[in-house]
Every structure is written in C-alpha cells, then in structure tokens.
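Structure record follows, encoded as structure tokens.
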Amino acid sequence: QELKPLNSDSEPDRMDWSELETKFGALPTLPEAFRVGGVSKTLTNEYWRSLGQGYQKFADKVGVTVAYQAAQSEGDQLGQLTIAEGMVTQGYNVLLVSPQTDANLQPVIEQAKAANVPVVNVNDAVIPQAEHYVGNVQRDNGVRVAKWFIENRPNGGKVAIVEGQAGVYAAVQRTDGFKSTIEDGGKFTVVASVPGNWDRQMSYDAATNILQQHPDLVGFYCNNDGMALGVVEAVKAVGLEDKVVVFGTDGISDAYKSIAAGELTGTVDSFPVLTGEVAMEVALRLVADQKLPRVVATPQALITKENINDFQGEGVDVRTVLMKAAGK
Amino acid sequence: MAVPRLAFENISKVFPGVKALSDVSFDVAPGEIHALLGENGAGKSTLLRILSGVFRATEGEIKIDGAAHHFKRPESARQAGIAMIHQELQQVPHLTVAQNMFLGHSLTRFGGIVVNRREQERRAAEALAMIDPTINPAAPISTLKVAQRQVVEIARALLDKAKIIAMDEPTSSLTPSEFERLADIIERLSTRGVSIIYVSHKMDEVFRVCQRATVMRDGKVVGMVDLKKTATAEVIAMMVGRELLAEEHHSHATTTTSVEARNLNTARVRDISFDLHKGEVLGVAGLVGSGRTELLRALSGADKVTSGTIKVDGKLLTLSNPRAAIAAGIGLLPEERKREGIIPDRSVTINMALPSMNRFSKGGFINHRKLKRAAEDLLKRVNLRPFQLDRQIRLFSGGNQQKAIIARWLAAGSRILLFDEPTRGIDVGAKSEIYHLIEVLAAEGHSVIVVSSELPEVMRVSDRVLVMRDGIIVAELGRDELSEETIVSHAVGKADSRPGAA
Amino acid sequence: MSDTTQNAAVPSSKLFGSFSVRDTGTLIGLIAIVVLFGLLAPDFVSQRNLLNILQQSSINACLALGMTLVIISGGIDLSVGPTAAIAAVITATLLVAGIPVPLAILAGLGIGVICGLVNGVLVAYAGLQPFIVTLGTLSTYRAIALIYTGGNPVLGVPQGFRSLFNGSLLGIPNAVIMVAVVALLAWMLLKKTPLGEYLLAVGGNEEAAYVAGVPIAVTKITAYVISAVLAALASMILIGRLGAAEPILGNLWELDAIAAAAIGGASLMGGKGSVIGTILGAIILGAMRNGLTLMNVQAFYQLLATGLIILVAMMIDRVTRGRG
Amino acid sequence: MSDTTQNAAVPSSKLFGSFSVRDTGTLIGLIAIVVLFGLLAPDFVSQRNLLNILQQSSINACLALGMTLVIISGGIDLSVGPTAAIAAVITATLLVAGIPVPLAILAGLGIGVICGLVNGVLVAYAGLQPFIVTLGTLSTYRAIALIYTGGNPVLGVPQGFRSLFNGSLLGIPNAVIMVAVVALLAWMLLKKTPLGEYLLAVGGNEEAAYVAGVPIAVTKITAYVISAVLAALASMILIGRLGAAEPILGNLWELDAIAAAAIGGASLMGGKGSVIGTILGAIILGAMRNGLTLMNVQAFYQLLATGLIILVAMMIDRVTRGRG
Ligand SMILES: Nc1ncnc2c1ncn2[C@@H]1O[C@H](COP(=O)(O)OP(=O)(O)OP(=O)(O)O)[C@@H](O)[C@H]1O
Ligand SMILES: Nc1ncnc2c1ncn2[C@@H]1O[C@H](COP(=O)(O)OP(=O)(O)OP(=O)(O)O)[C@@H](O)[C@H]1O
Ligand SMILES: [Mg+2]
Ligand SMILES: [Mg+2]
C-alpha cells in the first residue's frame with residue numbers, strides 16, 4: 001500500500017527510543033557476514049561524525065561491519081545519491097541514510113526496496129517515502145529553547161533567530177517551533193529572523209547588525225551550534241554578554257565547552273552518538289524482521305550551565321541519564 | 001558625369017576626443033580603381049569602415065548608384081554590394097580557411113541548417129587559386145602564415161561578387177609577385193564594372209593599378225588627382241604636406257662583429273650562419289614562407305633554437321626566451337603587430353617602456369617623470385601622431401603603433417635591432433623617416449637586421465642582403481650586387497644558388 | 001605563445017573525423033582512471049556498474065553540453081543549477097496538478113528558455129560580463145524557486161513522467177539515451193551548422209565575427225538559451241529519478257559542468273571546445289565519484305582525490321597533446 | 001563590437017588621479033544602494049553602522065584585492081576559501097600550541113605563499129587553465145584542511161592574537177585599517193611598479209608581453225601568491241573575530257571576491273581591473289547584506305535582493321560609463 005508522505009515530527013506510528021528493549025526484547029541474533037552501510041550528510045560537521053561514531057559503537061558491540069560514507073560537501077546532493085546507490089549495488093544488507101534534502105535519496109528507497117534492503121532515514125531531512133525514521137523532533141529543538149525563555153525571562157523582550165540554510169527541513173522546523181512557541185504568550189517579539197546558512201562568519205555579521213539595531217535584545221536562538229558560537233563572539237564583541245543569551249542546537253563538543261566556560265547559554269543536544277546507536281539498533285532489528293513503528297524518536301535535552309554536569313564528565317553515561325529522564 | 005557608383009557626401013566621424021573625419025566628400029565611378037591615400041592616421045580606414053558598416057558616420061551619407069545609405073551593421077553594407085578587405089586580419093583562429101571566408105553567410109544545405117563544407121571549400125579554393133593555389137581551404141586558419149592569411153582576406157572579398165570592393169592595405173604582407181596577381185584580378189574586376197577603393201602606402205602599387213586618387217590629411221580631403229598625369233613626388237607632397245627628399249644610402253658598417261650565428265637550426269630554419277657587424281644594416285629577402293620571420297624569432301629568443309650557436313660581441317648566448325635576448329641587447333619588432341606587438345589597452349608610453357621597466361624604475365617603483373621624459377623624447381623621435389602619450393595604443397593608427405614599438409627598443413637601449421617588415425602599413429612620409437632612423441641607428445653603432453618583402457626597401461636600407469629560401473640562406477649579396485632581378489632569382493631558386501660563403 | 005604554436009588538428013568533414021588530438025588526450029585520461037579503479041575495485045568494471053556510471057554522469061553531461069556551447073561563445077553560465085530548480089518545481093507542480101506529461105515537459109523547457117533569454121539578453125544587449133550576470137541570476141533564480149514553493153519540495157511526481165525519464169530501453173537507462181541524443185545534436189550544431197561556426201567565431205574573435213556579419217547578439221543569446229533548456233532537461237531527468245522536485249535542487253551543478261567542459265578541452269577564454277571532450281569529461285568525473293565510493297574512501301580523502309584527479313587529468317591531457 | 005568603441009579612461013600619473021570613469025560608475029552604484037537602504041532602514045546610515053559595513057566588508061575586500069590582481073593577469077583563483085581555511089587552522093593550531101603571535105602569523109602567511117605557488121606554477125609552467133587548476137586545488141586544499149583537523153574547529157585562539165585582528169584604533173576596526181593598507185599597497189603595485197604593468201600586459205596580450213620580454217611565468221605566479229597570501233590574511237581577520245578556526249571556513253568566498261572585483265570593473269578576460277573599483281565593489285556587497293539584515297528581510301527575499309542588486313549595480317555602472 002502507498003505510504004503517506006512522512007512527517008517525522010507528527011507521524012502517529014511512533015515510539016520513543018527508550019522503549020525499544022521493553023517492547024521488542026533483546027536484540028535477536030543476526031545473519032552471518034553482515035554489512036551495514038551508513039550514508040552521512042557531510043563529515044565537515046561534528047554532529048554527523050558523532051552519529052557515525054554511534055553507528056560504529058553499536059556495531060562493534062554486536063560485531064557487525066559498517067561503512068560510513070559522506071558526500072564531499074554539504075549540499076552535494078547528487079554525490080550523496082551516487083554513494084547510496086553504490087551501496088545498494090554492492091549488496092549492503094541495510095542502509096542508514098541522512099539525506100542532504102528531502103528528495104535527493106528518494107531513488108535509493110526504491111532501489112533498496114527492489115533489492116529487499118531496509119533503509120532507515122536518520123535525521124534531519126525527511127524522505128517522504130521513508131518506511132523507517134530514527135531521529136529527534138526537529139520542531140522540539142526550537143520549542144525547548146522558547147520554553148527556556150518563557151520560564152527564565154518572565155518579562156519577555158526582543159529575541160532574534162539565526163536560521164540555517166534557506167529551505168532545509170531542519171532549519172524550517174526549528175525556527176518555526178521556536179517562533180510559534182515564544183510568540184504565543186505575547187511577551188516576546190521576534191525582531192529578526194535572518195539567514196545564517198550554517199555559517200559562523202555570516203551569523204557573526206548578522207548578529208552584529210541585529211545587536212546594533214536592537215541593543216536591548218534579550219537573546220538569540222540559532223539553528224545550529226556553529227552559528228551560535230559565531231553569535232556568541234559577536235555578542236562579546238559589543239560587550240553585551242551579560243544581557244544577551246545565546247542558544248544553539250546539536251550539542252557539539254565545542255558548544256559544551258563554551259557552555260562550561262559560561263559563554264554560550266545553552267544548546268539543545270540531540271545526542272548524535274546515542275542517536276547513532278539507536279539507529280543502528282533499529283536497523284539491526286529490522287534485518288531481524290521485527291515490525292517497528294515507522295518513527296523511533298531519539299532523545300534531546302536542553303543543556304545549560306545548570307545541568308551540563310549531568311551530561312558530561314567522568315563516569316557520566318549519557319544513555320543511563322537519558323533513560324532515567326525518560327522514566328525507565 | 002553619370003551617376004557615380006559610390007559617393008561619400010560630407011562624411012564626418014567623431015571618436016571620443018578625436019575628430020577622425022571631417023566633411024569628406026568624393027566619388028568613384030563604376031569600374032574605377034580609386035586610390036585613397038594619406039599618412040597614418042589620416043582617416044582612410046575609418047572612412048572605409050564606415051562604408052562597410054563597421055562604424056556609423058557622425059554626419060554625412062553614402063550614396064550607392066545615387067541612393068543614400070546609412071549602414072548600421074556590416075551585413076547591411078554587404079547586402080548593398082560592398083565587400084571589404086580590412087587592414088587588420090579579421091579571422092577566427094579555430095575555424096578553417098573556408099569557414100573564415102564564408103563566415104556570416106555560409107553556404108548551406110537542407111534549408112539552411114547544415115553548412116555545405118565541401119561546396120564552401122571548393123569555392124574558397126577557386127577564389128584562393130587566383131592568388132595562391134597552395135593554400136588549403138580546409139586547414140585551420142591558425143596554421144597559416146600572415147601572408148597567406150592576407151591572401152585569404154583578399155579571396156574572401158572576391159567571393160561576394162560585390163560591386164564595390166574596399167581594399168585597406170591588402171598587400172601589406174605580400175610580396176611583389178602576389179601583388180602582380182592581385183593587380184590582374186583588380187583589372188579584370190574593373191573591366192566587369194566593379195569599383196575598387198584601394199588604400200596602400202606602397203606608391204608603386206598605387207600608380208600601377210589605380211586611375212585616380214583622393215588624398216587625405218588629418219581627416220580631410222586635400223585633393224583629388226589623376227594618377228596618369230601626376231608625378232609620384234607630387235602626390236607624396238600632397239599627402240605629407242611637404243617635399244620628401246630622396247635620400248642616398250649611407251653605410252656605417254664597421255668590421256667589428258656584433259652577432260655571430262653558426263649553424264642555427266630551429267623547427268623551421270636550417271643551418272643558418274652569418275655575421276652581423278656593428279653599424280651594419282643587414283637585409284633579409286626571400287619569398288613568403290622562406291623562414292625570414294623564424295630566423296628573427298630564433299635570434300630574439302622567441303623560438304627555440306635546437307642546435308647551433310649565437311655569439312653577441314663574442315659572448316656565447318643561450319636564448320631561452322625573449323627576456324634573455326633583450327638583456328643581451330637584442331630587440332625584435334614583430335611581424336604581426338596586433339598579436340605580438342601591442343598591449344591594446346595600455347598607453348603608448350607603457351607599450352614603449354614594457355621591456356625596459358627596470359630602466360624607468362627606482363627602488364622598485366616606476367619613475368613616471370623619467371618615463372614621461374623618455375617617452376616624449378623617443379616618441380617624438382619616431383614622430384608619433386597624434387602626439388598623445390597617455391592614449392591607449394589601440395586607438396592609434398597601425399603605422400603609429402609600429403612607430404611606438406620601434407621606440408620600445410630605443411628605450412630599451414637595444415644594440416641589435418631585428419626589424420620584421422618594419423614599414424608594413426606605414427605611410428610614405430613615415431617610411432622615409434624610418435629609413436632615416438635605421439640609418440641614424442646604424443650610425444650610432446646599432447646593428448640592424450631588416451626583413452622585408454619590399455625589394456626596394458631592402459635595397460634602400462641594406463649594406464648587405466641575405467636571401468632565404470625554404471629555411472636556408474641561399475645567397476649573400478653585397479650592396480654592389482643588389483638588383484631586384486638577382487634577389488628574386490635567388491629567392492625563387494633560379495639563380496646558381498648557394499654560393500660558398502654564407 | 002600558449003595557443004598559437006600548438007599543433008591544431010585539421011578538422012575533417014568526415015563524420016566523427018572530428019575526434020581530435022585533444023579529445024584523444026581526454027580519452028586517455030578516462031582510460032587511465034578506468035584502469036586505475038578497475039585494479040583497485042574489482043566491481044568497478046562490471047557491466048552494471050559501467051551503466052551506473054553513465055547514468056550517474058548523465059545529468060552533469062547534459063548540463064555540461066550546454067555549458068560547452070556557452071563557454072565556446074566566450075561566456076559562462078553559473079545559473080544552471082537554479083534554472084534547473086525553477087524548471088523542476090514548475091514541471092512538478094504542473095504534473096501534480098494533473099497537466100498531461102508532454103505539456104508539463106514543454107512548460108519546464110519553456111522556463112529554461114525564459115531563464116536563458118534573461119541571461120543572454122543581459123550579456124548580449126546590456127553588455128554585462130557573463131560571469132557576473134549569471135552570478136546575479138544564480139541568486140535570483142534560486143530565490144524564485146524558493147519563493148514559489150515556500151521552500152518545500154513538490155512531491156508525488158506521477159509515474160508516467162518518472163518512467164519516461166527514469167526507465168530504460170534494452171537495458172540502457174533512458175537518461176543515458178536522451179543525453180546521447182542531446183550530445184549528437186550538440187555535435188551536429190557545432191560541426192555542421194552555421195550557428196556552430198558563429199559560436200566559435202564569437203568566442204574566438206568577436207570583432208572579426210562582427211565584421212563578417214555574424215549576428216553576435218543572437219548567437220550569444222542562443223547559447224544561453226540552449227544551456228538553460230538543457231539545465232531544465234537535466235532537472236527533469238533528476239525529478240524523474242527522485243520522484244520529487246526541490247527548490248534547492250541543482251546546488252553546485254555549475255562547477256561540475258564547467259569542470260567537465262574544461263577537462264574536455266573547452267577554453268574559458270572562448271572560441272574552443274569539444275562536444276566529445278565534454279562528454280568524456282563528464283564521464284571522467286562520474287567514474288571518479290563512483291570509483292571512490294566503491295573503494296569506500298572516506299569523504300575527506302574523496303575530496304582530496306577529486307581535486308588531485310582533476311589536476312592530474314588536465315596534466316595527462318596537456319602532456320598527451322604535447323606543447324612547445 | 002563590445003569594446004573597441006568604448007571610451008577608455010586616460011590613465012594619469014597623479015596620485016588618485018586614477019579615479020577613472022569606470023570607478024565613478026561603481027561609486028554611483030554604491031551611493032544608490034546607500035541612499036536606498038538609508039531610506040528603507042533609518043539605522044543604516046548611522047556612523048556606527050557604516051563602520052560595521054566596512055568591517056564586515058573587510059574580509060571580502062581583502063580577498064577581492066588579490067583576486068583583482070589574478071583577474072588582471074588573465075586568470076582566476078577559485079581556491080581562496082580553502083587556502084584561507086588551511087592558513088587559519090594552521091595558524092590557530094600554532095597559537096594554541098603557544099607559538100608567539102608573530103611567528104604564527106608568519107607561518108599562516110607562509111602557507112598562503114605555498115598554496116599560491118602551487119596554483120601559480122600549475123598555471124604558468126604546466127600551462128593549465130586557471131579556472132580548472134584552482135577548481136582542482138579548491139577541492140585539494142579543502143581536503144587538506146579537513147584531514148589536518150579531522151574536521152574539527154580549532155578553538156581557543158589566544159586573546160593577544162584576537163585583539164590584534166579584532167581590536168580597533170581610534171574607533172576604527174583594525175581589520176578595516178589593515179585592508180586599507182593592503183588596498184593602498186595593491187594600488188601602488190598596480191599603478192607604480194613594473195610588476196603592475198607586467199600584470200596588465202600579461203592579461204592584456206600575453207603573446208605580445210612575451211615578445212616584449214615580460215617575465216610571464218613570474219608575473220602570473222606572483223599574482224596567485226599575492227591572492228593566496230591575502231586569503232591567509234583574510235582568514236586571520238576572521239579567526240580573530242570568531243576566536244576559532246574551522247576547516248570549512250571560507251566556503252564560497254571565491255564567488256564573493258570575484259563578484260566584488262567584477263562589480264569594480266575587472267574584466268574576466270584579463271588586462272583590466274581597478275583596486276578602487278574592487279574596494280567599492282566589496283563595500284557594495286557588504287552594504288547590501290547589512291541593509292537586508294537590518295530590514296529583517298526574509299531569507300528567500302534576501303537571496304532575491306542579492307541577485308537583483310548585483311545585476312542592477314552592474315547596469316547602473318554600464319549606463320554611467322556610457323557606451324557606443
Ligand atoms: N575606435 C577608435 N576610437 C578612437 N579613435 C580612433 C578609433 N579608430 C581610429 N581612431 C582614430 O582615428 C584617426 C584615423 O585613424 P585611421 O585608422 O582611419 O587612419 P588610417 O588613415 O587608416 O591610418 P593608417 O594608414 O595608419 O592605417 C586616428 O587618429 C585614430 O587614432
Ligand atoms: N605554425 C606553422 N605550422 C606549419 N608550418 C609553418 C608554421 N609557421 C611557419 N611555417 C612554415 O615555416 C616556413 C617559414 O615561415 P616564415 O614565417 O619564417 O617565413 P617568412 O619568410 O618570414 O614569410 P612571411 O613573409 O610570411 O613572414 C614556411 O614554410 C611556413 O609555411
Ligand atoms: Mg588604416
Ligand atoms: Mg615573415
């Protein structure tokens with residue numbers, strides 16, 4: 001039957017990652033000589049490298065081989081398609097793909113289906129025809145930051161958004177989640193929502209311009225951490241670091257460092273390593289013919305100076321922390 | 001008089017900053033061969049380019065068979081029956097000879113969709129055969145020598161069956177024998193009623209083929225003469241505004257050897273050996289394609305020497321590039337001015353100073369004052385006109401560009417000057433100035449090699465002449481042995497060639 | 001120097017006699033790459049994979065053919081990607097709205113004509129530099145595609161359209177056949193028609209072309225229109241494959257297309273370029289991508305290899321052609 | 001007949017007498033943009049914002065100056081972004097390792113020299129096309145930067161370095177002062193030194209320059225080296241500002257730099273270009289970005305405006321210069 005185009009944020013056929021074991025039991029035994037293919041968006045961003053580490057970590061644990069490849073640059077849509085098609089041709093048993101755009105890996109879904117290879121769409125662009133999706137709720141990234149503002153800045157004020165690449169699903173959802181949530185109470189106004197193109201320099205310049213126009217700004221929300229770190233510098237450059245808060249998204253290690261140093265206010269970590277592990281687990285369960293829901297939601301959490309030590313440091317196992325948070 | 005075939009009526013043309021033509025009027029009868037004469041920069045090419053639709057006149061009109069025309073594009077002029085041979089070669093390097101000849105109005109098949117190359121090549125070959133049957137119409141134009149390319153330009157104008165053909169220095173790269181064939185063609189065209197406007201700085205040609213001449217100076221018509229009833233000197237006086245003295249040849253050759261070439265071989269010349277003395281002017285004659293240009297290019301470091309030695313003032317040189325040659329005091333005035341000579345968008349001054357930037361710099365900076373002084377001095381010496389030193393060189397007439405390149409080597413202090421067709425496209429006045437200049441340079445102790453296709457020129461300036469054929473030197477003629485017949489017979493290989501000494 | 005002394009191949013009027021020295025250089029480059037990858041990755045030379053390479057190269061080849069014509073005319077077209085994007089989203093919208101396939105295709109190609117006309121007119125009549133014109137339209141067209149779709153992909157391209165562009169005939173992908181036909185047409189255009197000569201003339205010596213009565217403006221505009229129409233066609237091949245049209249489709253296509261044309265011997269100074277060379281260039285790039293993936297080379301090293309292979313291909317070519 | 005009838009500026013030897021007709025065209029374009037944004041966004045013309053614009057334009061201006069020299073010599077340098085990235089990550093690594101600031105800066109600029117040399121030698125000696133050489137090194141250099149850092153940014157650039165590049169003197173950002181000095185040097189190079197004449201000659205007519213004894217190879221190589229060194233300098237301004245060096249820094253810088261040079265009157269055919277024009281071009285682009293942000297224009301429309309403004313700026317300029 002025809003699948004409804006997937007909306008990963010609102011798909012009803014979903015479960016939380018924490019329920020995998022409880023609902024489906026331990027990982028079944030897998031066929032011999034088994035190869036998993038991972039197709040990443042780009043390796044130039046730590047987020048995607050961490051995701052690959054997650055794949056590898058879980059694969060090592062259960063003893064399967066993974067190949068993790070990425071397009072040569074972010075935006076190289078056909079290059080990524082070539083990679084994914086190559087993996088189907090070469091007879092990988094299951095694919096984990098993080099498409100550049102919503103559509104560029106569409107043919108792989110079809111080819112893989114014909115070759116009977118399950119495909120898991122892992123974050124953040126969403127292939128409408130995808131049968132399996134593992135990832136977080138993009139909108140929720142923005143929502144969480146907006147909630148922080150509502151709780152911690154009861155007087156409201158002016159806020160600004162630095163967006164990712166125009167037209168990219170994650171950017172649109174994150175921006176929209178933040179904007180609609182924060183404007184709900186009527187206390188906050190989004191005075192600027194400008195493109196930062198995932199680029200530090202552009203975000204720095206945009207933030208400088210915004211701050212100069214609105215020196216009374218209370219905070220920024222940025223669609224990823226790289227841009228947020230650029231904005232932090234812009235805020236510091238005009239000496240407003242005590243008044244203006246800056247939030248990023250992704251939870252890359254530099255963001256953690258910056259939060260620990262008291263510069264970046266917070267980031268919404270979507271735990272790429274853990275996401276990778278979960279995605280790998282889902283893939284393997286699919287190979288073992290388990291019937292999983294279409295969407296498996298992975299965890300995310302707003303990291304600030306207050307809770308950073310729960311997620312980072314000696315002896316902290318993020319998995320356990322999050323499991324606990326999920327109430328398991 | 002009946003309605004003229006062609007009438008220019010009060011044509012004026014203003015370029016930003018220059019009035020190139022003012023109030024030019026004259027007419028040409030059907031079948032007339034009409035010379036258009038004038039010094040460099042007089043406005044001849046500008047007038048013809050207006051006629052052929054390349055430029056638009058600022059004022060005035062052109063009448064063809066009594067009907068007024070204002071051509072907006074070259075195509076409209078062509079359709080009105082005008083063909084033009086441009087002074088500068090107008091060719092596209094990656095097309096073949098035939099494609100170039102038919103460019104803009106290809107012969108086609110299948111309703112204009114497919115170029116009929118075979119037919120084009122056949123007709124191109126026909127037209128070429130009238131002057132030079134050796135040119136292969138299917139060869140890419142870039143493999144042709146300049147002279148051959150000029151033949152192609154002429155042949156292109158003959159394709160159209162035009163009623164007016166404007167020829168702007170059609171023979172500037174050609175040898176007398178090719179001119180003779182062109183002259184025959186022109187006469188045949190004339191008897192068929194085709195009118196021809198003929199621009200040339202070669203007076204003998206003009207008197208040989210033309211009936212009447214319009215003389216221009218500084219963009220104005222200064223007179224119209226019947227060439228059958230006028231003396232050359234009189235015409236020249238009209239052109240340059242003064243009498244030209246016929247100068248005698250003076251030799252300044254010494255016995256000190258300045259250049260000693262032994263057994264030089266390049267891709268195109270073989271076994272070249274000769275001596276050049278201080279103060280000597282050595283002429284090099286030969287047919288088109290005999291390797292004269294390549295000889296000069298080898299000496300100037302522009303072409304690779306595969307074997308043999310060159311000594312300058314007794315010192316062995318390794319000429320890996322022109323820079324090395326320039327440093328050794330050798331300067332080349334190249335044959336193809338537009339391609340190898342000028343940097344079109346830079347001023348004459350800069351074009352002049354390019355090889356000798358170091359002489360005009362101090363502490364790494366150009367000393368513009370010194371440069372300006374040198375430019376004023378040297379460009380005056382070559383009589384640059386208009387005398388605007390900051391003007392882009394491309395805006396000067398061809399002849400004046402040539403003068404600037406000569407000045408270049410004076411500025412560089414070169415002692416050995418290699419002139420490849422030095423007076424190509426240069427007016428009679430300037431020509432005699434250049435001859436004079438060559439003599440002065442020789443007297444000052446420069447050594448000069450002059451390659452020229454104009455035998456009178458070779459004989460006028462040379463102390464000694466080498467004749468080349470097929471890439472080798474076939475004869476060496478002393479000044480007393482010089483005559484057109486001797487040179488030509490050696491050049492074509494009829495004389496008892498290869499004398500022992502070379 | 002550089003060009004004038006080089007031994008130019010004498011074009012011949014025989015069909016495919018035009019396989020010049022330059023093209024041979026490119027072919028040797030391609031063979032070298034195929035042999036290299038064939039040794040390193042055994043799957044590489046399987047028939048299936050070679051067809052794959054052709055299919056994967058087809059989009060770039062399609063664009064690069066148009067780019068070659070523009071480059072020959074002395075221009076450059078940076079706006080091919082966004083042009084493709086506009087054509088894609090509009091074609092897809094029409095298809096989704098139930099417009100018959102042929103009409104939708106025509107509309108998409110028509111968009112190409114318009115985009116190309118804008119580029120061409122700005123270059124030919126306004127006299128602006130091609131690089132900067134198409135840099136401007138690169139942004140403008142992309143913005144139009146984004147605004148038109150609100151940034152969302154157009155999903156649900158009907159099967160009829162998809163099988164046309166994504167099907168295969170006797171085992172050969174339709175896209176490959178289409179591009180082969182386009183290449184043949186481009187080759188004929190360049191070698192056999194007056195327009196081909198005009199392109200070479202305008203790019204080779206604009207003044208000479210003008211004096212000879214070549215319609216400069218029309219020639220240039222035609223080149224840009226062809227380039228844009230081929231970009232539109234490439235976008236259809238792509239949406240046929242993807243089943244969806246995105247406004248951000250075609251990102252960085254221009255660089256690949258230019259690279260293919262340049263590897264194939266087109267000179268960015270104009271007046272020179274080869275259809276056969278361009279096709280070989282596109283296949284070289286496609287084979288390289290494919291081979292590196294088969295070898296499971298990590299992304300950073302793929303990037304390194306891409307750069308080095310482009311340089312080496314150009315050098316092999318330079319050496320094979322020989323030069324003074 | 002594009003160029004031959006066009007009015008050429010008469011070069012003058014007076015200082016700043018070189019503000020040519022062409023530069024005036026660019027200036028009018030800039031004024032038009034400033035007036036437009038001044039009307040639409042009142043904050044735009046505040047002194048503080050104008051300084052902001054200069055600061056934000058400084059990086060692009062720095063690159064564009066080098067690009068102008070390369071373009072004048074008849075080439076193009078697509079590899080500036082990755083060159084900057086390598087220089088940035090290496091400088092930052094050294095700084096973090098505690099190497100003194102001046103040494104680290106020298107090392108970074110030295111990296112620029114090497115990258116430029118590679119480009120220059122491939123263009124000048126191997127005789128490859130500049131576009132394709134620097135397209136190849138664009139990938140290669142980027143890959144090197146990524147491999148060197150493993151893809152991670154280098155954090156913790158020390159304050160001493162940062163304040164040097166990100167501080168200000170009498171209210172004027174150091175970066176602006178540095179780029180102004182670079183511009184002055186570039187202007188002098190072009191107008192006052194033999195090398196400047198060589199660049200113009202090589203780009204204007206390479207063959208004639210060769211016959212006239214201009215050292216072609218050295219001239220071209222110098223242009224690429226200067227471009228790469230300025231890219232390295234630009235990267236230092238950036239890491240001074242951001243406090244971190246990313247291997248992906250400098251993405252698409254080449255397009256902005258080329259756009260600035262072209263808006264400023266450089267001809268991609270070589271032989272023509274203006275330092276003043278390029279600076280104005282960079283400011284036009286910077287002012288446009290700044291103004292659109294101040295007006296809080298939505299992303300898609302910013303893209304649209306960017307494209308249209310580039311086109312309009314070029315047209316204004318074309319009209320002001322007048323043409324036959
Ligand atoms: N495109 C142009 N722009 C500006 N001035 C020009 C242009 N073309 C020619 N001129 C000027 O017009 C005048 C006439 O030049 P023209 O080429 O017609 O001379 P000419 O009589 O053909 O000289 P020559 O015998 O040297 O060929 C010269 O002063 C020249 O500098
Ligand atoms: N690019 C080329 N390809 C093939 N043959 C060439 C080429 N250039 C020159 N030749 C040949 O080399 C020989 C010498 O030519 P060269 O130009 O030296 O003659 P020239 O006496 O100077 O004649 P011109 O009057 O044309 O200058 C000729 O036979 C010519 O056809
Ligand atoms: Mg003339
Ligand atoms: Mg010669």
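First the proteins, then the strands, lettered A, B, ... as listed; each starts at 1. Source: prediction; values computed, not measured.
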Tell me, for [X] versus chain C, whether the close heavy atoms (under 4.5 Å) come from the side chain, the backbone, both or neither.
X	value
Thr44(A)	both
Ile127(A)	neither
Ile83(A)	both
Gln165(A)	neither

Among Asn104(A), Thr42(A), Ile109(A), Val108(A), which residue has the highest count of heavy-atom pairs closer than 4.5 Å to chain C? Asn104(A)
Go through the atoms of [X] and report whether side chain, backbone, both or neither lie under 4.5 Å from a heavy atom of chain A.
X	result
Ser46(C)	neither
Leu155(C)	side chain
Leu252(C)	side chain
Pro153(C)	side chain
Ile53(C)	neither
Asn52(C)	side chain
Arg142(C)	neither

Return the [atom1] to [atom2] distance between [X] and [Y], rounded to the nearest 0.5 Å.
X	Y	atom1	atom2	answer
Asp43(C)	Thr89(A)	CG	OG1	9.0 Å
Asn251(C)	Gln100(A)	CG	CD	8.5 Å
Leu249(C)	Thr101(A)	CG	OG1	8.0 Å
Ile248(C)	Gln77(A)	CD1	CD	5.5 Å

Step by step, would you call Leu78(A) with Leu238(C) a side chain to side chain contact (heavy atoms under 4.5 Å, CB included)? CA-CA 9 Å; Leu78(A) 288 176; Leu238(C) 184 63; 3.5 Å; yes
At under 4.5 Å between heavy atoms, what parts of residues 51-59 of chain A are in contact with chain C? List them by residue number. none
For Gln298(C) and Gln69(A), indicate whether the former's side chain and the latter's backbone hold a donor-acceptor pair under 3.5 Å. no
Verify, without hydrogens or angle tests, whether Gln129(A) (side chain) and Gly243(C) (backbone) share a donor-acceptor contact under 3.5 angstrom. no
Side chain to side chain, Arg289(C) and Asp76(A), heavy atoms closer than 4.5 Å: yes
Answer yes or no: is there a side-chain heavy-atom contact under 4.5 Å between Asp102(A) and Asn152(C)? no
Quick check on Gln159(C): does its CD atom have over 12 non-hydrogen neighbours (other residues, nucleotides or ligands) under 6.0 Å away? yes
Hey, is Arg162(C) close enough to Glu110(A) for a salt bridge, meaning N to O under 4.0 Å? yes
CA sep, side-chain torsions, deciding dist, call: Leu242(C), Leu105(A), side chain to side chain contact (heavy atoms under 4.5 Å, CB included): CA-CA 7 Å; Leu242(C) 301 183; Leu105(A) 295 187; over 6 Å; no
So which heavy atom on Ala71(A) is nearest to which on Ala299(C), and how close? O-CB, 3.9 Å
Using the ring pair (Phe, Tyr, Trp, His ring centres under 6.0 Å) rule, collect all pairs that involve residues 89-141 of chain A, keeping only residues at least two apart or in two chains. none
